[in-house]
J.: 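First the structure, then my questions, so here it is.
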Amino acid sequence: MSLSTQSQMVEDNYVLVASLDNVRNLSNILKAITFKDHAIFNATPNGLKVTVEDSKCLQANAFIQAEIFQEFTIKEESVGFQVNLTVLLDCLTIFGGSTVAGVTTALRMCYNGYGYPLTLFLEEGGVVTVCKINTQEPEEPIDFEFCSTNVTNKVILQSESLKEAFSELDMTSEVLQITMSPSQPYFRLSTFGNSGNAHYDYPKDSDMMELFQCSETQTNRYKMSLLKPSTKALALSCKVSVRTDSRGFLSLQYLVRNDDRQICFVEYYCCPDEEVDEE
């Protein structure tokens with residue numbers, strides 16, 4: 001019995017069905033936001049938004065557009081549930097996440113609605129595995145009230161340059177200080193770790209800088225422990241947008257290309273640290 005036939009036997013009951021020929025297009029993007037066990041899933045006709053939060057100081061969102069899926073059927077305006085993300089990823093990689101050319105795991109993800117488990121049909125090489133994961137009522141995600149109208153500074157960088165910066169800065173520092181300014185140093189990352197103070201500057205006309213829009217000088221510090229989870233998304237991405245608003249809240253938006261060269265986005269919001277004294 002084929003993967004689609006098995007799940008279609010109860011198709012009429014599902015409020016959400018999402019199918020992928022290559023499960024890595026979902027599992028990789030979810031790994032980029034896995035720093036807590038539980039995630040909030042919200043599906044709309046536009047696609048899937050998955051949210052993970054930590055202590056009301058950090059929020060990560062993965063956006064997987066409906067077009068990424070070979071099938072994306074939703075019978076309500078929105079469908080929401082909470083699920084253990086660690087368990088979900090274990091199920092999605094149950095076949096080992098094969099990287100052999102031409103060998104992929106197909107996924108059909110189905111949800112019956114409130115109170116029902118999330119059902120996964122995974123097929124590789126003719127072998128089908130069915131996983132059912134308990135769902136919970138979703139908590140309301142924190143609204144960081146980060147809106148484009150309040151953005152004071154924004155830069156878009158090639159991800160390689162940010163990876164290089166992190167490799168040169170002292171990651172034993174408790175904070176990462178970000179300075180954005182219409183004048184020099186333009187865009188500066190600073191750490192204050194065991195090896196002393198370190199700075200990494202980007203000229204505004206750097207080849208690595210695709211966009212530079214800074215209207216005022218801002219210097220904010222962010223706890224390194226909160227930013228470290230976002231390096232998973234950085235590793236997958238090809239571009240990153242760094243924005244700060246008038247309150248100093250930070251948005252890191254990563255552009256990620258999946259195995260099929262389709263574009264997904266991962267966004268991290270981080271509140272500033274209260275300690276902003278100059279070193």
J.: Distance-only, no hydrogens or angles: does the S215 side chain make a donor-acceptor pair with backbone N or O of T152 under 3.5 Å?
T.: yes

J.: Could you verify whether a donor N or O on one side chain and an acceptor N or O on the other, from E71 and T73, lie under 3.5 Å apart?
T.: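 Yes, T73 and E71 have a side-chain donor paired with an acceptor closer than 3.5 Å.
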
J.: Please report the C-alpha distance between C270 and L227 in whole Å, then the side-chain angles of each, then the deciding distance to 0.1 Å, and finally whether the side chain to side chain contact (heavy atoms under 4.5 Å, CB included) criterion is met.
T.: CA-CA 8 Å; C270 184; L227 292 179; 4.1 Å; yes

J.: Are side-chain heavy atoms of I64 and I29 found at a separation under 4.5 Å?
T.: yes

J.: When you measure from the side chain of S159 to the backbone N and O of K239, does any donor-acceptor pair fall under 3.5 Å?
T.: yes

J.: Checking R243 against Y269: charged group under 6.0 Å from the ring centre and within 45 degrees of the axis?
T.: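 Checked: cation-pi criterion not met.
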
J.: Supply the atom-to-atom distance D21 CG to T104 OG1, rounded to the nearest 0.5 angstrom.
T.: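 So the CG of D21 and the OG1 of T104 are separated by 6.5 Å.
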
J.: Same hydrophobic cluster for V151 and V242, using side-chain heavy-atom links shorter than 4.5 Å among ILVMFWY?
T.: no

J.: Are M208 and V240 co-members of a hydrophobic cluster defined by side-chain heavy atoms under 4.5 Å apart?
T.: no

J.: Can you tell me if N13 and N112 form a side-chain donor-acceptor pair at under 3.5 Å?
T.: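 No, no side-chain donor-acceptor contact under 3.5 Å.
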
J.: What I'd like to find out is whether the side chain of V15 reaches to under 4.5 Å of the side chain of I74, using heavy atoms alone.
T.: no

J.: Scan side-chain atoms only and decide if S181 and Q218 contain a donor-acceptor pair under the 3.5 Å cut-off.
T.: no

J.: Quick check: are there more than 12 heavy atoms from other residues, nucleotides or ligands sitting under 6.0 Å from CZ of F265?
T.: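 Enclosed: over 12 neighbouring heavy atoms sit under 6.0 Å from CZ of F265.
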
J.: On a heavy-atom basis, which atom in P117 and which in Y111 lie closest, and how many Å separate them?
T.: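 Minimum heavy-atom separation between P117 and Y111: O-CD1, 3.8 Å.
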
J.: Let me check something: do Y116 and F81 share a hydrophobic cluster, defined by ILVMFWY side-chain heavy atoms less than 4.5 Å apart, either directly or through other members?
T.: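 No; F81 is not reachable from Y116 via cluster members.
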
J.: Is L189 close to L169 at the side-chain level, that is, under 4.5 Å between some pair of heavy atoms?
T.: yes

J.: Within the distance-only criterion (no hydrogens, no angle test), does the side chain of Y14 pair as donor or acceptor with the backbone N or O of L16 below 3.5 angstrom?
T.: no

J.: With a 6.0 Å cut-off (strictly less than), is the heavy-atom count around CD of E160, excluding the residue itself, greater than 12?
T.: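 Atom CD in E160 is not packed in, count stays at 12 or less.
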
J.: More than 12 heavy atoms of other residues, nucleotides or ligands under 6.0 Å from CD of E139: yes or no?
T.: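 No.
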
J.: Rounded to the nearest 0.5 Å, how far does CG of L107 lie from OG1 of T129?
T.: 11.5 Å

J.: Mark yes or no for whether Y202, through its side chain, and L157, through its backbone, hold a donor-acceptor pair below 3.5 Å.
T.: no

J.: For the residue pair M180 and I178, establish whether any side-chain heavy-atom pair is separated by less than 4.5 Å.
T.: yes

J.: Test your reading of the model: is there a side-chain donor-acceptor pair from Q82 to the backbone of T135, 3.5 Å cut-off?
T.: no

J.: Roughly how far apart are I133 CD1 and L120 CG, rounded to 0.5 Å?
T.: 4.5 Å

J.: For E267 and S251, which I'm curious about, is there any donor-acceptor pair between the side chains at under 3.5 Å?
T.: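 Yes.
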
J.: Verify, without hydrogens or angle tests, whether E123 (side chain) and G126 (backbone) share a donor-acceptor contact under 3.5 angstrom.
T.: yes

J.: I need the L20 CG to N25 CG distance, nearest 0.5 Å.
T.: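 Atom-to-atom, L20:CG and N25:CG are 6.0 Å apart.
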
J.: Got a second to check how far F187's CZ is from D201's CG, nearest 0.5 Å?
T.: 10.0 Å

J.: Quick check on the 6.0 Å ring-centre criterion: do F212 and Y186 meet it?
T.: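 Centroid separation for F212 and Y186: below 6.0 Å.
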
J.: Quick one: does M109's side chain get under 4.5 Å of L118's, heavy atoms only?
T.: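 Of all side-chain heavy-atom pairs linking L118 with M109, at least one is under 4.5 Å.
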
J.: Return the minimal non-hydrogen interatomic distance between F72 and A18, and the atom names on each side.
T.: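 Nearest pair, atom of F72 first, then A18: CD1-CB, 3.9 Å.
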
J.: Would you indicate whether the side-chain heavy atoms of H199 and T179 approach each other to under 4.5 Å?
T.: no

J.: Under the 3.5 angstrom rule, does the side chain of D260 hit a backbone N or O of Q262 as a donor-acceptor pair?
T.: no

J.: Show your reasoning for whether side chain to side chain donor-acceptor pair (under 3.5 Å) applies to D37 and T86.
T.: CA-CA 6 Å; D37 280 343; T86 309; 2.9 Å; yes

J.: Is D170 reaching over with its side chain to a backbone N or O of N194, donor-acceptor style, under 3.5 angstrom?
T.: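 Checking the backbone N and O of N194 against the side chain of D170, a donor-acceptor pair under 3.5 Å is found.
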
J.: Please answer whether the main-chain N or O of T217 pairs with a side-chain N or O of N153 as donor and acceptor at a distance below 3.5 Å.
T.: no

J.: I would like to know whether D259 and N22 meet side chain to side chain donor-acceptor pair (under 3.5 Å); could you show each step before the answer?
T.: CA-CA 8 Å; D259 285 0; N22 183 0; 3.2 Å; yes

J.: Hydrophobic clustering (ILVMFWY, side-chain heavy atoms < 4.5 Å, transitive) - are L236 and L234 grouped together?
T.: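 Yes, it is one cluster - the side chains of L234 and L236 are joined through contacts under 4.5 Å.
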
J.: If I compare all heavy atoms of C271 with all of Y222, which pair ends up nearest, and what's the gap?
T.: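 Smallest interatomic distance, heavy atoms only, reads O-CD2, 3.6 Å.
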
J.: For Y268 and Q253, which I'm curious about, is there any donor-acceptor pair between the side chains at under 3.5 Å?
T.: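 No pair is found: no donor N or O on one side chain lies under 3.5 Å from an acceptor on the other.
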
J.: Can you name the closest pair of heavy atoms from V256 and A233 and give their distance?
T.: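 The pair with the smallest heavy-atom distance is CG2-O, 4.5 Å.
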
J.: Could you state the interatomic distance from CD (Q158) to SG (C238), rounded to the nearest 0.5 Å?
T.: 9.0 Å

J.: Can S19 and F69 be said to form a side chain to side chain contact (heavy atoms under 4.5 Å, CB included), step by step?
T.: CA-CA 6 Å; S19 299; F69 297 90; 5.9 Å; no

J.: With a 4.5 Å cut-off on side-chain heavy atoms, are L89 and L30 touching?
T.: yes

J.: Is any side-chain heavy atom of Q213 closer than 4.5 Å to a side-chain heavy atom of V155?
T.: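 No, every pair of side-chain atoms sits at 4.5 Å or beyond.
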
J.: Please report the C-alpha distance between K223 and E174 in whole Å, then the side-chain angles of each, then the deciding distance to 0.1 Å, and finally whether the salt bridge (Lys or Arg N to Asp or Glu O under 4.0 Å) criterion is met.
T.: CA-CA 6 Å; K223 282 191 168 65; E174 288 191 3; over 6 Å; no

J.: Examine L252 and L255 and state if one hydrophobic cluster contains both, with Ile, Leu, Val, Met, Phe, Trp and Tyr joined whenever side-chain heavy atoms are less than 4.5 Å apart.
T.: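 In one cluster with L252: L255, no.
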
J.: Checking S190 against L176 for the side chain to side chain contact (heavy atoms under 4.5 Å, CB included) test, could you report, in this order, the C-alpha distance in whole Å, the side-chain angles of both residues, the deciding distance, and whether it holds?
T.: CA-CA 6 Å; S190 306; L176 176 70; over 6 Å; no

J.: Are E164 and Y200 close enough, and set up right, to give a side chain to side chain donor-acceptor pair (under 3.5 Å), and what steps lead you there?
T.: CA-CA 10 Å; E164 184 180 316; Y200 194 98; 2.9 Å; yes

J.: Taking only distance into account, with no hydrogens and no angle test, what donor-acceptor pairs under 3.5 Å do side-chain atoms of residues 38-58 form with protein atoms, sequence neighbours excluded?
T.:
{"unit_1": "T44", "atom_1": "OG1", "unit_2": "N46", "atom_2": "N", "d": "3.2"}
{"unit_1": "T51", "atom_1": "OG1", "unit_2": "N61", "atom_2": "OD1", "d": "2.6"}
{"unit_1": "E53", "atom_1": "OE2", "unit_2": "Q59", "atom_2": "NE2", "d": "2.6"}
{"unit_1": "E53", "atom_1": "OE2", "unit_2": "I142", "atom_2": "N", "d": "2.6"}

